[in-house]
Each structure stands twice: as C-alpha cells, then as structure tokens.
Amino acid sequence: DAGVIQSPRHEVTEMGQEVTLRCKPISGHNSLFWYRQTMMRGLELLIYFNNNVPIDDSGMPEDRFSAKMPNASFSTLKIQPSEPRDSAVYFCASSLARTRGREYEQYFGPGTRLTVT
Amino acid sequence: DAKTTQPPSMDCAEGRAANLPCNHSTISGNEYVYWYRQIHSQGPQYIIHGLKNNETNEMASLIITEDRKSSTLILPHATLRDTAVYYCIVIGIQGAQKLVFGQGTRLTINP
C-alpha cells in the first residue's frame, strides 16, 4: 500500500518566489503533520491537522507560511515570499489517532528538499 | 513532556544485537516511550512504543525498567540497513500529538 506521498521531491527557487509543497496522507488516516528539518534546528513540527481542521500552528515560523487541508487526502504548505533561510527538508506525516496509546504513531513521507537562492 | 537523554553515537557489528539506551528519569505515569529512527535522506520511521510493559514487534524490542526511568531499544540482529539516527521520545497520552525529536543516537552498523 502507498505510504505518504509528497511532491515535489526537490524544489529550487529564487528568493521572493512562492513555493507550494504538497502532501497526500495514507488513506484512512485522520491526522496530518508538517515538519521542517534543518541541520541547525533539527526536526520541528510546523502545524498539524485533525480531521482536516488545523489544531496547532504554533510552530509555523511566520506569516509567510500557510497550510491548508481542503480534504482528507490532500494538504499543501505554502511559503510566500520564500527566503534563503527557508531552505530545509519539509516532511509530511499522517496518523490514525483513534487507538489509545497509538496517537503518536506517525508515518512520514520522503520529504521535499527546498533550496531558496 | 519528560526530557530524554541518549548517547550521541554508538557502533555495533553487523549481525549482533544493538542495544540503544534512553534515560527519562522525569517520566510521569501517563507518558509513553516512543522510538523512531531516521535513515539518511529519508523521513523518520516509527519503530515501537510502550507504557510500562516490555514490547516486541517485527522491528525491535523495547525494554522499560520497572521504575520507568530508563528504557532500551534492542535490534536483535543488526544489519547495515539499520544504520540511522534513533530517537527516544517521551510523550503523554493527554498531549497534543506533538512529537519533539531531540538529537537522538547515531547508530552505525559496521560490517
């Protein structure tokens, strides 16, 4: 069965441009997470959705970042305008948070490596 | 959520058991111990989790001490593909699903 699908896998863009990252969670999962990973800061949670509703976006660095989940099978993370410090690997993860004790069993996608020049 | 302490790096010979320790002395009664790993250039991968009892699945075993202040992840027959950074995470069941990844242990399996 397909895991979490992310696109594109690599994105190179110039400062000031809009960037849209896409994620398709595992079918049937009801929670979706966006993470960012850099050498300096490690893996950070940006935002997560439960049943398509944003629950916690406290990790979103600033207003340039926005995320949407229009339906259970698709989510986007948008950066507008992009800056060189946004260069990182962005991971999407999903989970089925219905079983007690398994709430944190998350399945990650392969990531999108973003480079902003 | 309780803080965890892991050694920054470990080595293990291929075919041997890899035992990765994690200290979580401030863990509370309703907090789980979760283990993830991240192989180079891939997303993190869930391995196993436990509350009080030892757990085993197809990937690994998790041994939690009786006082729950520490745990050990065991990869019974390590292969080169097990080379990765391993993260021990303690998180409460009343939490808001926010996994916090620390620095982890960089495990290198040597041929």
Side-chain angles (χ1 to χ4, degrees), chain A residues 2-7 9-10 21 23-26 29-51 53-60 88-113, chain B residues 1-6 8 22 24 27-55 57-60 62 64 68 71 73 84-106:
Chain A
V4 174
I5 299 172
Q6 292 186 247
S7 64
R9 293 295 308 277
H10 301 273
L21 311 182
C23 176
K24 176 179 171 56
I26 293 173
H29 281 190
N30 62 344
S31 291
L32 183 139
F33 310 82
W34 281 102
Y35 290 85
R36 178 174 68 174
Q37 186 171 37
T38 62
M39 288 293 292
M40 291 295 293
R41 301 176 65 90
L43 195 63
E44 305 173 283
L45 177 67
L46 300 177
I47 184 172
Y48 83 90
F49 296 82
N50 187 254
N51 293 322
V53 177
I55 302 300
D56 187 340
D57 65 353
S58 61
M60 296 286 262
V89 180
Y90 291 81
F91 290 104
C92 175
S94 69
S95 72
L96 178 59
R98 290 180 183 157
T99 304
R100 186 174 178 83
R102 298 186 66 180
E103 295 92 334
Y104 309 108
E105 190 175 325
Q106 298 178 13
Y107 293 86
F108 285 72
T112 295
R113 181 173 296 277
Chain B
D1 295 326
K3 181 179 177 180
T4 62
T5 303
Q6 300 178 253
C22 179
H24 31 79
I27 193 170
S28 62
N30 66 348
E31 290 182 318
Y32 284 82
V33 180
Y34 270 72
W35 283 84
Y36 277 78
R37 74 179 181 183
Q38 187 171 21
I39 297 170
H40 183 61
S41 297
Q42 298 184 20
Q45 178 186 23
Y46 164 80
I47 300 173
I48 198 168
H49 75 276
L51 182 62
K52 297 180 180 179
N53 300 321
N54 298 336
E55 303 288 343
N57 63 19
E58 65 278 5
M59 290 184 66
L62 175 59
I64 302 174
R68 302 186 69 241
S71 60
L73 179 74
V85 178
Y86 287 76
Y87 299 96
C88 170
I89 302 169
V90 171
I91 189 164
I93 57 176
Q94 301 301 324
Q97 301 190 42
K98 297 177 70 171
L99 287 172
V100 177
F101 290 79
Q103 296 305 307
T105 296
R106 183 172 298 276

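What you see is a predicted model, and the numbers here were worked out from it, not measured in a lab. Order of the sequence lines sets the chain letters (A, B, ...), proteins ahead of strands, with each chain counted from 1.
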Next item on the list: Check whether any side-chain N or O of Y104(A) sits under 3.5 Å from a backbone N or O of G92(B) as a donor-acceptor pair, and report yes or no.
Entry: yes
Check: Of all residues at least two apart in sequence or in a different chain, which pass the salt bridge (Lys or Arg N to Asp or Glu O under 4.0 Å) check with R36(A)?
Finding: E44(A)
Notebook entry, point to check: What's the verdict on side chain to side chain contact (heavy atoms under 4.5 Å, CB included) for L99(B) and Y35(A), showing C-alpha distance, side-chain angles and the deciding distance?
Noted result: CA-CA 10 Å; L99(B) 287 172; Y35(A) 290 85; 3.8 Å; yes
Next item on the list: Side chain from CB out, backbone as N, CA, C, O: work out which of these in Q103(B) comes under 4.5 Å of a heavy atom of chain A, or both, or neither.
Entry: neither
Next item on the list: Check whether Q6(A) gets within reach of chain B through its side chain, its backbone, both or neither, counting any heavy atom under 4.5 Å.
Entry: neither
Next item on the list: For Y36(B), enumerate each residue passing the ring pair (Phe, Tyr, Trp, His ring centres under 6.0 Å) test, keeping only those at least two apart in sequence or located in another chain.
Entry: Y46(B), F101(B)
Next item on the list: Starting at OH of Y32(B), measure out to CD of E105(A) and round the result to the nearest 0.5 Å.
Entry: 11.5 Å
